[in-house]
Amino acid sequence: MRPFPWAEAMGFGFGVLKLSSREFWGLTPRELAAAFGAHSGRTAPPSRDGLEGMMARFPDEVRHG
């Protein structure tokens, strides 16, 4: 198991988000991950229904008939 990347987390929290020490250390890992995702443009994977809807709208192959 890889250790938690504290240096990167603190760099993002303090350097990018401009959080105070109190704000940073008050975050949960999920909150920090959500902030990183929002900042980087990453979103959660689609739900099963969302994925099936995209597959129906954008099929890998064209079906005739």
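Nothing here was measured: the structure is a model prediction, and the numbers come from that model. Along the sequence shown, residues are numbered consecutively beginning with 1. The analysis underlying the following values was restricted to heavy atoms, covering all of them including side chains, and did not include hydrogens, waters or symmetry mates.
With sequence neighbours excluded, the residues satisfying side-chain contact (heavy atoms from CB on, under 4.5 Å) with Met10 are Trp6, Phe14, Phe24, Trp25. Residues satisfying the side-chain contact (heavy atoms from CB on, under 4.5 Å) criterion with Pro5, sequence neighbours excluded, are Arg2, Glu8. With sequence neighbours excluded, no residue forms a side-chain contact (heavy atoms from CB on, under 4.5 Å) with Ala34.
At least one side-chain heavy atom of Phe12 sits less than 4.5 Å from a side-chain heavy atom of Leu32.
When every heavy atom of Glu23 is checked against every heavy atom of Lys18, the shortest pair comes out as OE1-O, 4.3 Å.
More than 12 heavy atoms of other residues, nucleotides or ligands sit less than 6.0 Å from atom CE of Met54.
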